[in-house]
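Working notes for the structure below.
Keep in mind it's a predicted model, so treat the numbers as computed, not measured. FYI, side chains are in, hydrogens and waters are out, and symmetry mates aren't considered; it's all heavy atoms of this structure.
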Amino acid sequence: MGYSVGRWEGGSLVADTIGFTEKAWLDIMGHPRSEAARIREGFTRRDFGHMEMEITMEDPKYYTRPFTNKVTLNLLPDSDIIEYVCTENEKDMQHLNR
């Protein structure tokens, strides 16, 4: 839903994405996103089975300053990759830990 460019910064893969439209939300909570949005995602493999993901969002049209969210992703061996982004025909809510 935008144009992404990836590069390595040391041991991290970093993807910068721009060129969004206002046709989609920023997240599943419905927060807005404009054409001015820029999202930077960094992926660092901490060790076998764990990856650190850091997402920085900036959008001067809707937000006063950039904000960052950090998440640790865990390897789930012998599992299927499930659909998450698309809300049409959504099949993953039953698998999320709440």
Side-chain angles (χ1 to χ4, degrees):
M1 294 206 199
Y3 300 97
S4 299
V5 175
R7 67 185 177 286
W8 287 99
E9 289 183 4
S12 298
L13 175 63
V14 177
D16 280 307
T17 306
I18 59 171
F20 295 100
T21 68
E22 290 190 30
K23 294 181 181 179
W25 298 329
L26 174 61
D27 56 19
I28 61 173
M29 300 301 291
H31 293 101
R33 178 187 68 201
S34 75
E35 295 94 359
R38 180 181 190 142
I39 298 177
R40 182 178 191 267
E41 299 168 285
F43 302 90
T44 306
R45 188 167 182 179
R46 187 177 71 198
D47 54 38
F48 180 79
H50 300 97
M51 184 180 306
E52 304 294 331
M53 180 174 67
E54 182 174 303
I55 302 170
T56 301
M57 165 69 178
E58 53 184 288
D59 188 341
K61 182 174 178 180
Y62 285 112
Y63 305 103
T64 58
R65 63 183 185 273
F67 54 93
T68 300
N69 187 19
K70 297 179 183 180
V71 179
T72 298
L73 304 171
N74 298 310
L75 174 66
L76 300 173
D78 301 321
S79 64
D80 293 330
I81 297 175
I82 56 175
E83 179 180 338
Y84 184 75
V85 174
C86 184
T87 55
E88 292 179 0
N89 198 22
E90 180 276 316
K91 296 181 174 108
D92 70 327
M93 289 302 288
Q94 64 187 345
H95 302 289
L96 295 177
N97 294 331
R98 294 185 197 213

### Task
Just do the side chain to side chain contact (heavy atoms under 4.5 Å, CB included) check on Phe48 and Leu75 with the steps written out, would you?
CA-CA 8 Å; Phe48 180 79; Leu75 174 66; 3.7 Å; yes
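- Salt-bridge check for Arg40 with Glu9: passed, with a basic side-chain N closer than 4.0 Å to an acidic carboxylate O.
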### Query
Are Ile55 and Met53 close enough, and set up right, to give a side chain to side chain contact (heavy atoms under 4.5 Å, CB included), and what steps lead you there?
CA-CA 7 Å; Ile55 302 170; Met53 180 174 67; 3.8 Å; yes
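- For CG of Asp78, the number of neighbouring non-hydrogen atoms (other residues, nucleotides, ligands) closer than 6.0 Å is 12 at most.
- In this structure, CZ in Arg65 is found 13.0 Å from CD in Glu58, a value given to the nearest 0.5 Å.
- Of all heavy-atom pairs spanning Pro32 and Tyr62, the tightest one is CG-CD2, 3.6 Å.
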### Message
For a side chain to side chain contact (heavy atoms under 4.5 Å, CB included) check, start with the C-alpha distance between Arg38 and Thr17, then their side-chain angles and the critical distance, and finish with the verdict.
### Response
CA-CA 6 Å; Arg38 180 181 190 142; Thr17 306; over 6 Å; no
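- Listed here is the closest heavy atom pair of Phe67 and Leu26: CZ-CD2, 3.8 Å.
- For Glu54, the salt bridge (charged side-chain N to carboxylate O under 4.0 Å, His left out) criterion is met by Lys70, not counting sequence neighbours.
- Side-chain atoms of Asp59 come within 3.5 Å of backbone N or O of Ser34 as a donor-acceptor pair.
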### Task
Carefully, step by step, assess Glu52 and Val71 under the rule side chain to side chain contact (heavy atoms under 4.5 Å, CB included).
CA-CA 6 Å; Glu52 304 294 331; Val71 179; over 6 Å; no
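- Considering all non-hydrogen atoms of both residues, Met57 and Ile39 come closest at SD-CG1, 3.5 Å.
- Within a 6.0 Å radius of CG in Leu73, more than 12 heavy atoms belonging to other residues, nucleotides or ligands are found.
- Contact annotation: the side chain of Arg46 never approaches that of Met51 to less than 4.5 Å [non-hydrogen atoms, C-beta and beyond].
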### Message
Set out, in order, the CA-CA distance, both residues' side-chain angles and the distance that settles salt bridge (charged side-chain N to carboxylate O under 4.0 Å, His left out) for Asp27 and Arg33, then state yes or no.
### Response
CA-CA 9 Å; Asp27 56 19; Arg33 178 187 68 201; over 6 Å; no
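- Between Ala36 and Pro60, the shortest heavy-atom distance links the atoms O-CD, 4.0 Å.
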